[in-house]
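Reading through the structure tokens given below for one structure.
Numbering of ligands and ligand atoms starts at 1, following listing order. These numbers come from the heavy atoms of this one structure, side chains and all, not from hydrogens, waters or symmetry mates.
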Amino acid sequence: MARRAVQRRLTWLRARLLENRPESSRVHRLVFDVPDWPGHLPGQHLVVRLTAEDGYTAMRSYSVASPPETPELHLLVERLEGGEVSPYLVDELTGDDEIELRGPIGGYFVWSSAADRLGTEQARRPVQLVAGGSGVAPFVAMLDHHRQVDGATRVRLLYSARTEDDVLARDVLGPETTVTLTRQSPAGWAGESGRVDADMLRRCTFGPEEDPRIFVCGATAFAEAVSSTLLDLGHPPSSIRIERYGSSEEPP
Ligand SMILES: Cc1cc2nc3c(=O)[nH]c(=O)nc-3n(C[C@H](O)[C@H](O)[C@H](O)COP(=O)(O)OP(=O)(O)OC[C@H]3O[C@@H](n4cnc5c(N)ncnc54)[C@H](O)[C@@H]3O)c2cc1C
């Protein structure tokens with residue numbers, strides 16, 4: 001059984017593009033039909049493999065942004081100027097194009113509201129999500145799943161985006177979400193403004209006294225800065241899970 005599960009994860013699967021539409025000026029939602037997809041848990045990611053005609057291949061990881069209940073796989077891919085893979089996925093993948101992917105991957109950065117309902121000790125702890133930019137992708141899957149199973153766990157999301165235009169997956173975000181805009185806030189903006197710091201974390205997230213399970217996701221600099229501030233605020237290291245999207249550049 002375990003062997004079959006591992007083999008499935010290691011097999012490259014054919015994925016046919018169903019839709020490629022802008023979600024903001026820099027991020028597109030890519031929707032794939034993957035007939036052999038074995039299913040996933042909210043928070044898991046996959047690896048995309050592109051192969052050029054001369055055999056050259058490039059692989060990158062992307063979080064699954066759709067819940068297990070959705071038959072198609074949704075990705076939220078940010079176009080990084082000068083990047084090798086993301087501009088191709090965002091700007092050039094069209095029609096019935098096929099790519100290869102492998103997954104689901106990762107059992108650590110996972111929160112399944114359905115599993116919480118089994119009445120475990122874990123279920124009594126609230127869940128705090130903190131996202132920077134396209135790092136919101138796994139949380140979109142988690143929140144969508146939470147809503148679909150009518151989960152009872154208390155959950156909050158603090159989501160840092162550059163501008164209002166950069167806020168992704170608005171259809172899934174609800175009252176559990178606080179958005180902070182780091183570059184520009186429109187007149188009358190009711191959310192937070194500026195980068196995530198200790199004061200914002202204190203006001204907008206579950207405090208250590210509530211013993212939350214914390215998930216932080218975004219570019220490496222963002223994830224490092226947020227998680228070290230959470231430690232300063234008194235959260236134990238074992239309560240914080242981090243997904244780094246690979247850049248050490250400045251946070252958004
Ligand atoms: C587990 C995991 C899940 C991921 N999920 C997503 C996702 O859901 N959506 C998504 O858009 N990306 C996601 N990423 C990032 C993705 O794998 C690629 O790194 C990203 O698309 C850039 O690839 P590229 O080939 O375009 O750029 P590259 O050619 O690899 O890099 C170009 C330049 O951009 C820098 N860079 C790389 N990644 C980032 C970043 N995230 N932010 C800022 N600068 C960066 C590099 O340091 C380099 O200087 C995830 C990464 C990991 C490890």
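- The only option from Leu158, Asp232, Ile214 that meets the side-chain contact (heavy atoms from CB on, under 4.5 Å) definition with Leu201 turns out to be Leu158.
- With atom 17 (O) of ligand 1 as the reference point, the heavy atom nearest to it among Gly43, Ala141, Ser61 is part of Ser61.
- Near Glu243, meaning under 4.0 Å from any of its heavy atoms, are these atoms of ligand 1: 1 (C).
- Proximity to Pro87 (heavy-atom distance under 4.0 Å) selects the following atoms of ligand 1: 26 (O).
- Near Glu84, meaning under 4.0 Å from any of its heavy atoms, are these atoms of ligand 1: 24 (P), 25 (O), 26 (O), 27 (O), 28 (P), 29 (O).
- Between Trp111 and His146, the angle of the ring planes lies from 30° to 60°, which puts this pair in the tilted group.
- Applying the 4.0 Å criterion to heavy atoms of Ala137 picks out, from ligand 1, the atoms 8 (O).
- In the candidate list Val47, Val27, Leu80, Leu80 is nearest to atom 40 (C) of ligand 1, counting heavy atoms.
- Heavy-atom proximity to Arg60, at under 4.0 Å, picks out these atoms of ligand 1: 17 (O), 18 (C), 23 (O), 24 (P), 25 (O), 28 (P), 29 (O), 30 (O).
- Atoms of ligand 1 lying under 4.0 Å from any heavy atom of His45, numbered from 1 in the order shown and given with element: 1 (C).
- Against a heavy-atom cut-off of under 4.0 Å, Val77 is close to the following atoms of ligand 1: 11 (O).
- Shown are Val136, Leu157, Leu129; of these, the side-chain contact (heavy atoms from CB on, under 4.5 Å) with Thr177 is made only by Leu157.
- Nearest residue to atom 9 (N) of ligand 1 from Leu30, Val85, Leu76, Val136 is Leu76 (criterion: closest heavy atom).
- Set against the non-hydrogen atoms of Arg244, the atoms of ligand 1 under 4.0 Å away are 52 (C), 53 (C).
- Shortest non-hydrogen contact noted between Pro138 and Cys217 is CG-SG, 3.8 Å.
- Figure legend: Arg16 and Phe32 shown without cation-pi pairing, the cationic atom not lying both under 6.0 angstrom from the six-membered ring centre and within 45 degrees of its axis.
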